[in-house]
Amino acid sequence: MSYLSKIKSPDDIKGLSLEQLSALCLEIRRALVKTVSKTGGHLASNLGVTELTVALHYCFNSPEDKLIWDVGHQAYVHKMLTGRLNQMGTIRQSKGISGFPNPSESVHDQFISGHSSTAIAVGLGFCAARELKDKNHSVVSIVGDGAMTGGLSFESLNNAHGLNKNFIVVLNDNEMSISENIGGLSKALNSFRTAPSYLTAKADIGKILKSIPIVGDGMYNTADKIKGSVRNLFLHGSLFEALGFRYVGPVDGHSLKELVDVFNKSKNIKGPVLIHVCTKKGKGYLKAEKNPNFYHGVEPFNIASGEPINVRKTDTYTNVFGKTAADLAAKNDKIVAVTAAMQSNTGLNEFAAKFPRRIFDVGIAEGYAVTFSAALAKGGFIPIVAIYSTFLQRAYDQIVHDVCIDNLPVVFAIDRAGAVGGDGQTHQGVFDIAMLSNIPNMTVMAPKNAQELSEMLEFAVNLGKPVAVRYPKGDVSDVPYKSTSSIEFGKCEKIFNGESIALVSLGSMTDTAYDVCNLMKEAGLSPALINARFAKPIDLEMVDELCGYEYVFTLEDGVLNGGFGSLLLSELNKKDSKAPEFYSFGFPDEFFELGRRDEILKAYGLDTKSIFKTIMSKVAN
C-alpha cells in the first residue's frame, strides 16, 4: 500500500501508526533518490532527516506550530509532506520549487533559509512575537551540527537564556554514531528527565535542600554538581544547560518511536529545550551512506552506479584555483589557505593533502575566517581565503575593519561569483563587486579564463595588500583567445582594436562580449574589445582611450548599482572631453529566482543574442 501519494498536508500523517510511518519513510527515501537523480540537488542530508521530519510533522501542527529549518537544503522531505510532492520533479529548476524553504511557496515554510546558523535566532523572534500576541503554539528550530559553529547560533543560544521562552531546538547531529552502552543509559535518563514526575520532583527536591538551615545551599549545590557530572558524562549537554537549555539526548534520529516520544514530552517542558538527535547522512542509499560529502550537493546521477550522468569535458574554475593555490604554496611557504567548512567544494583538497599544517578549516564561520586570516597576515603569512561569493557577504565588517583598514595581504578567492544556477535567491554571487569595490585598499579582479585565473592568483599573493579574485561556478572558458599582455596592477587588456564602438567586459562576461563582437563584425561594424581584468582600480589610461569612442558598453555578471559599469562611468564623467554614449549590461536591483546560469543570463538580457540586439538598437539611432 502506498502512503506517500495520499499525503497532501501534514494532517494526513497524524492518523498513521508507527508501523505505517516507517513504511512511509521507505517510500520517501525511494522518492528522494529518484527525484534528485534526475534534478540534482541535496541528497545525503535529506535521506538522513527522513524520520526526523516525519516525526516533527506527526507531533506538531504546522503551520500553527512553527518549524524553522536551518540551512534549508535539508527540507526536501518537509516539502513532500506539505503539499509539494507532485512538484518535486521541478526542484531547483527554472520556474520550479526552491531547494530551500521559501515562504512564497507555502505557509509551512516559515522563513527563507539558504544560509547557515540562522534558525535559532529566527525561532526566538517567533517566540517573542508569540508572547506579544498571547499565543501558546510551539516553535521548533531544526539545526544541523555544522551550523552550530556559526557565531549567530551562539549569540542566539545566549539570548535564549535571557528570554526564557518555551522553545525547542532540534540539533541534528549527523556525524556522531550512537554507542549502544552510552546510548541505552542516555535513553533511560532522558525518559526520566522528560517525565512530568521528574520535573516536579527536581523542583521539589531543590526547595527541600535549600530550606535546610546553614547547610542547605551547600547541599543543593553539591547535589546539583553530582547530578551535573553524571549528566555531563553521559549526555554531553553542559554547554547548552549552562546557557539555560534543558538538554535532551542523544536520541536515535532513525527511531520514530523515540522521536515521537521525546517531541511529545518536550512540548510540556517550560523554557528552552535542546533535543540532540543523531542521524546518518545518506541513510537508505548505500552509496550516499559511504560517501555523504559527494552526495551532499550532487548533479543528476545514475541510481544503480551512482555516477554522474553528465561527465565534464572541460576543467572547472574551482579545480583551476585549487591546483594553482597548491602550486603557489609549493613555491612560497608563507602561503596558507583558510576555508569555512568548504575545503572540497572550494577546490582545496590538493592543498590540504600537500600542506596539511598550512590549511585551516574554521567551520561555518565566515566572519571568524576573515579576522583569523587578518591575524595570519599580520603574523607574516599570506592567507588565501576561499569562500563562495554569497557566503562572503556574512563577513563584510571583518573585511573592512580587520583586513582593509590595516591594508593586510589577504587574498580572497571568491568562488560562485555571478549568477549561480539551482540554488535560487540566497546563493547568487552578484553583489561582491559592489560590496568590495567601495572599500579603501581593496583590489578586485576577475579572470576571463583559466589561464588568467592562475595568473591573477600568482599576482595576488605577491601584491602585498588586500585583493579579491572572483570567478564563476562551472566549466572554464573555451573561447580560443590568449592573453595579449601580462597582469599589471590596475591595467586592462586590449583583446582587439576597433572603431567608434568599444565593449568593456569583466571576468566571465568576456566570452559573451567576444561572441557579440563577432556578430557585430558580421553586421559590418568594427568594435573594440577590452578585458577590464580589474573592477577596482579602474584603468585610467583606458578611460582616456574610451573618451575617443562614440559608444561604450560594459558587461558584468553583477548588480549594476555600485558595480563595475557605474565605477567606470564615474571616471568617464570626470573627464573634460565629451563622454561617449554609455550603456551597462548587468543585473537590476532585484533578487531573482531559480534557473541554470544560462537561463538566468537570458532572462535578464545578458546572453549573446540579447546583448547584440540591444547594442545594434542603440548604435542604429
Closer than 3.5 angstrom, by distance alone: can the side chain of Arg130 be matched with the main-chain N or O of Asn136 as a donor-acceptor pair? no

Intermediate values then yes/no, salt bridge (charged side-chain N to carboxylate O under 4.0 Å, His left out), Arg416 and Asp432: CA-CA 10 Å; Arg416 272 63 167 174; Asp432 51 62; over 6 Å; no

Value for NE2 (His401) from CD1 (Ile439), rounded to nearest 0.5 Å, stands at 13.0 Å

Please tell me if the side chains of Thr53 and Tyr76 come closer than 4.5 Å, counting only heavy atoms from C-beta onward. no

Give a yes or no on whether the backbone of Thr390 and the side-chain of Gln393 come within a donor-acceptor separation of less than 3.5 Å. yes

Could you verify whether a donor N or O on one side chain and an acceptor N or O on the other, from Ser156 and Ser153, lie under 3.5 Å apart? no

Is it the case that Ser2 and Glu27 place a side-chain donor and acceptor less than 3.5 Å from each other? yes

Evaluate whether atom NZ of Lys14 has more than 12 neighbouring non-hydrogen atoms of other residues, nucleotides or ligands under 6.0 angstrom away. yes

If you look only at pairs with a residue in residues 364-374, which of them pass as a side-chain hydrogen bond (donor to acceptor under 3.5 Å, both in side chains), with sequence neighbours excluded? Thr371-Asp402

Could you work out, with ring-ring contact (aromatic ring centres under 6.0 Å, His included) as the rule, every residue matching His57, not counting sequence neighbours? His78

Begin from the C-alpha positions of Glu599 and Lys95 and carry the test salt bridge (charged side-chain N to carboxylate O under 4.0 Å, His left out) through to its verdict. CA-CA 11 Å; Glu599 292 174 330; Lys95 302 187 186 304; over 6 Å; no

Is there a side-chain contact between Phe240 and Leu171 in this structure, where contact means two heavy atoms from C-beta onward sitting under 4.5 Å apart? yes

Closest non-hydrogen contact found for Ala147 with Val143 is CB-CG1, 3.7 Å

Any chance you could lay out the salt bridge (charged side-chain N to carboxylate O under 4.0 Å, His left out) test for Lys257 and Asp261, step after step, and finish with the verdict? CA-CA 6 Å; Lys257 184 178 184 304; Asp261 184 53; 6.0 Å; no

So which heavy atom on Val260 is nearest to which on Ala55, and how close? CG2-CB, 4.2 Å

Please check if any side-chain donor atom of Glu64 sits under 3.5 Å from a side-chain acceptor atom of His137, or the reverse. no

Could you grab the distance from atom CG of Leu24 to atom CD of Glu19, nearest 0.5 Å is fine? 13.0 Å

Is there side-chain contact between Lys165 and Lys270, with heavy atoms separated by less than 4.5 Å? no

Does NZ belonging to Lys38 count more than 12 external heavy atoms closer than 6.0 Å? no

Within the supplied structure, the quantity of interest is the number of heavy atoms (other residues, nucleotides, ligands) at a distance under 6.0 Å from Phe60 CZ; does it exceed 12? yes

Aromatic contact, His427 with Phe391 (centres under 6.0 Å): yes

Can you find a side-chain donor-acceptor pair between Thr279 and Asn174 that sits under 3.5 Å? no

Closest heavy-atom pair, Ala365 versus Thr149, reported as atoms and distance to 0.1 Å, is CB-O, 3.8 Å

Taken in chain and number order and not counting sequence neighbours, the residues that satisfy side-chain hydrogen bond (donor to acceptor under 3.5 Å, both in side chains) with His73 are none

Where is the tightest heavy-atom contact between Ala119 and Ser141, given as atom of each residue plus distance? O-OG, 2.7 Å

Go through the steps for Val139 and Ile168 under the test side chain to side chain contact (heavy atoms under 4.5 Å, CB included), then give the verdict. CA-CA 6 Å; Val139 178; Ile168 298 172; over 6 Å; no

Glu590, CD atom: more than 12 neighbouring heavy atoms under 6.0 Å: yes

Using side-chain heavy atoms (C-beta onward) and a distance below 4.5 Å, is Asp70 in contact with Ile142? no

Distance alone, cut at 3.5 Å: any donor-acceptor contact between the side chains of Thr346 and Asp415? no

Begin from the C-alpha positions of Lys280 and Asp252 and carry the test salt bridge (charged side-chain N to carboxylate O under 4.0 Å, His left out) through to its verdict. CA-CA 10 Å; Lys280 183 176 181 62; Asp252 184 349; over 6 Å; no

Is it true that Phe263 and Tyr58 have ring centroids separated by less than 6.0 Å? no

Beyond-backbone contact of Tyr285 with Arg29, side-chain heavy atoms, under 4.5 angstrom: no

